[in-house]
2 protein chains.
Amino acid sequence: MTVLLPSDRPDMTEIVAKVSPPQDFDALRSVILERKGELPKRLTQVAAYALDHPDEIAFGTAASIAISANVQPSTLVRFAQHFGFEGFSGLQLLFRARLRERTSSYEDRLRTLEQDGQALAESTNIFNGFTAAAHRSIDTLSAAVDPAAFERAVDILAAADTIYLIAKRRSYPISSYMAYAFGKLKVRCQLVGTAAGIDDDLLAMASPRDAAFAVSFSPYASESAVQARNLAARGINVVSLTDSAFSPLAECSKEWFEVVEADHAGFRSLSASMAFAMALTVSIAEKRRRG
Amino acid sequence: MTVLLPSDRPDMTEIVAKVSPPQDFDALRSVILERKGELPKRLTQVAAYALDHPDEIAFGTAASIAISANVQPSTLVRFAQHFGFEGFSGLQLLFRARLRERTSSYEDRLRTLEQDGQALAESTNIFNGFTAAAHRSIDTLSAAVDPAAFERAVDILAAADTIYLIAKRRSYPISSYMAYAFGKLKVRCQLVGTAAGIDDDLLAMASPRDAAFAVSFSPYASESAVQARNLAARGINVVSLTDSAFSPLAECSKEWFEVVEADHAGFRSLSASMAFAMALTVSIAEKRRRG
DNA sequence: ATCCATTTGGAATGGACATTCCATGTTGAC
DNA sequence: GTCAACATGGAATGTCCATTCCAAATGGAT
């Protein structure tokens, strides 16, 4: 069909081949981000997959990676060639090299962080403080939660018709994420605490076939405690999450859990509570699915 | 020392073949050290090489490793079979797995948990899975965040008149918690994404003296991306938090951070993101306090 | 010194792999 | 609407690789 002058294609190919490929992973990463806009659909897909799952690229075969990334193996080759490599294998070398370096330096990095804490910027210290606190919180959480109690809590909530999620102020992000997840999981729930005023009307509709999950940390939002107590008095099961056994929520709950978030300079993140909330949410959905 | 009846060895061999191979690198290492005395010359050579150059084993081919270790490829295969593997490839998997897991130290714990997972209740498994995932997420977070970039992000947001917090759906709990904390810390901020409709009116009031912090995870809420882009176009600095370098937010942000939350059975908690959010929030407040 | 068991080297083999090629789809310009 | 340029899917291909096999070598026992 088309008449290609003998010199046309070979020249093009040669020029492309002459473009030297990135020499290390960081360089490759930069180039990919730089050019992602001008990449065709499938190559963009590969680019995203490569940066999001670098380990897979390092260890997998073209075929296995192709399946994970939902493309053809040939697309992987084309992708590599697009960035100046001879083939997919050449690109893969960079991902492997990265992994080698990563492993050798990881422990060092942690040690370095601790050593020159003084030299670092204030914000970096704060950042490190919060990640360390998060680690501790989660450790404490796994130690503090009794599996049997957790199981009972799941049973109670899985059996409920509608799950009322009660949380104010600092606990609100927890329940709002649970509400989001329950929505995705097709578990009926009602978030209480959104707009002041209508809360009590909402709760008035709760029946003993429903259940509630309340979250409250000190300083306790007394409103949550009152609402939980009302529900309990009307025969509605309440499960709660607090940061102290003295929480007013504890006494009116069928099951309650204590999460002590470690703090950094007096500020607490919600890392452990979030992990707990998700575990509870998914467990409930799973129990329902199994019937 | 021990008297081997002629019939013993053949039996032994058969039994060894049936013995399941070590399941992880540490187990393999122990077994090798244990039996290195009774190994024939070439196999000892391989054993020494394997423990001294684990990375080579992980990435090399049987041929290339054979050359480095001064043995025949077939010796490598025999070595692997000696330890109960079907072939060299099986053994290589352990060396690769080791590299993957080195990056996150909590993998070990997770595996232990998984091993006796059968005995535990479903919900307990889920719970353990989420705490392990949270640990991993936070490890990844500390490795992924560049202190200098974090510092710059803090500068940008601390200098802002009002901080606009943009987040929808799954990211909403993050920004709602930041809004709560900013309130306590007397930092002026405006939560965007509460009630649909008024968002754009709110954002219309933003001036270049303000700044925005946007959070979005895939599947991206396109609304957030559009809003962030609009702000950026009007000269308002945007800092963002996403789970992929391909997030539409990344390209319109002055600074952006990648948090890859590890998942349990496909569900992600927000543990690491929460730690990041709090670190950022407190850092900003601290920077302001110091003037 | 001879023999047997075991180990070792190296060629042969069969399978898996990256890569290439071509037909089909898609996009955008005129 | 048509065409050209480019992107894509999928089968074909040839290379490289792990593995197997067998002959030779080694080492110890008698």
Side-chain angles (χ1 to χ4, degrees), chain A residues 1-5 8-10 12-13 16-17 21 35-47 49 56-96, chain B residues 1-14 16-17 35-47 49-50 56-96:
Chain A
M1 299 287 166
T2 29
V3 179
L4 285 176
L5 293 178
D8 270 11
R9 274 301 287 252
M12 285 292 291
T13 316
V16 167
R35 306 213 327 221
K36 70 167 177 177
E38 59 198 64
L39 246 40
K41 188 175 139 211
R42 283 285 121 103
L43 295 192
T44 310
Q45 200 174 322
V46 173
Y49 184 86
E56 290 301 317
I57 306 274
F59 288 117
T61 68
S64 70
I65 298 166
I67 292 170
S68 302
N70 273 310
V71 295
Q72 292 290 325
S74 49
T75 307
L76 294 178
V77 177
R78 278 193 288 264
F79 177 79
Q81 288 168 342
H82 228 85
F83 287 94
F85 298 94
E86 200 167 301
F88 171 72
S89 307
L91 176 138
Q92 196 176 32
L93 284 180
L94 256 59
F95 281 77
R96 294 186 168 184
Chain B
M1 298 291 164
T2 26
V3 179
L4 287 175
L5 295 176
S7 58
D8 271 10
R9 274 306 283 249
D11 276 350
M12 283 291 288
T13 315
E14 276 176 37
V16 166
R35 305 212 318 207
K36 72 170 175 185
E38 57 195 68
L39 246 38
K41 190 175 138 205
R42 284 286 124 105
L43 294 194
T44 311
Q45 201 174 322
V46 173
Y49 183 87
E56 290 301 317
I57 306 274
F59 289 119
T61 68
S64 70
I65 297 166
I67 291 170
S68 302
N70 273 309
V71 295
Q72 292 290 325
S74 48
T75 307
L76 293 178
V77 176
R78 278 194 287 265
F79 178 80
Q81 288 169 341
H82 230 86
F83 288 95
F85 298 94
E86 200 166 303
F88 172 71
S89 307
L91 175 138
Q92 197 177 32
L93 284 180
L94 255 60
F95 281 78
R96 294 187 169 181

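Residue numbers begin at 1 in each chain, while the letters A, B, ... track the order of the sequences.
Listed pair A:Gln81 / C:dT20 meets the phosphate criterion, a side-chain N or O lying under 4.0 Å from OP1 or OP2. The phosphate of D:dA7 has neither OP1 nor OP2 within less than 4.0 Å of any side-chain N or O from A:Thr75.
Distances were taken from every side-chain heavy atom of B:Arg78 (C-beta onward) to each of C:dA18, C:dT8, D:dT19; the shortest belongs to C:dT8. Side-chain proximity of B:Pro73 to D:dT19, C:dT20, C:dC21: nearest is D:dT19. Among D:dA7, D:dT20, D:dA18, the nucleotide with an atom closest to any side-chain atom of B:Thr61 is D:dA18. If you check C:dT8, D:dA18, C:dA18 against the side chain of B:Leu43, the one that comes closest is C:dT8. With C:dT19, D:dT8, D:dT20 as the choices, the nucleotide that has an atom nearest any side-chain atom of A:Pro40 turns out to be D:dT8. Nearest to the side chain of B:Ser74, among D:dT20, C:dA18, D:dA18, sits D:dT20.
Here the shortest heavy-atom pairing between A:Ser68 and A:Tyr49 reads CB-OH, 3.0 Å. Of all heavy-atom pairs between A:Phe59 and A:Gln92, the closest is C-NE2, 4.5 Å. Listed here is the closest heavy atom pair of A:Gln45 and A:Asn70: NE2-O, 3.1 Å.
Note: CD (B:Gln92) to P (D:dC17) measures 12 Å, nearest angstrom. Protein atom CG of A:Leu91 is 14 Å distant from nucleotide atom C1' of C:dT19, rounded to whole Å. B:Phe88 has its CZ atom 6 Å from the P atom of D:dA18, to the nearest Å. Taking atom NZ on B:Lys41 and atom P on D:dA25, their separation rounds to 14 Å, with Å as the unit. The nearest whole Å value for the distance from the CG atom in A:Leu76 to the P atom in C:dC17 is 13 Å. Across the protein-nucleic acid pair, B:Gln45 atom CD and C:dT7 atom P stand 15 Å apart, rounded to whole Å. Atom-to-atom, CD of B:Gln72 to P of D:dA18 comes out at 13 Å; the value is rounded to the nearest Å. Taking atom NE2 of residue A:His82 and atom P of nucleotide D:dT8, one finds them 9 Å apart after rounding to whole Å.
Exactly one of A:Leu91, A:Leu43, A:Val71, A:Thr61 qualifies for a side chain to side chain contact (heavy atoms under 4.5 Å, CB included) with A:Leu76. That residue is A:Val71.
In this structure, A:Arg35 is positioned above the aromatic face of A:Phe83, its NZ or CZ under 6.0 Å from the six-membered ring centre and within 45° of the axis.
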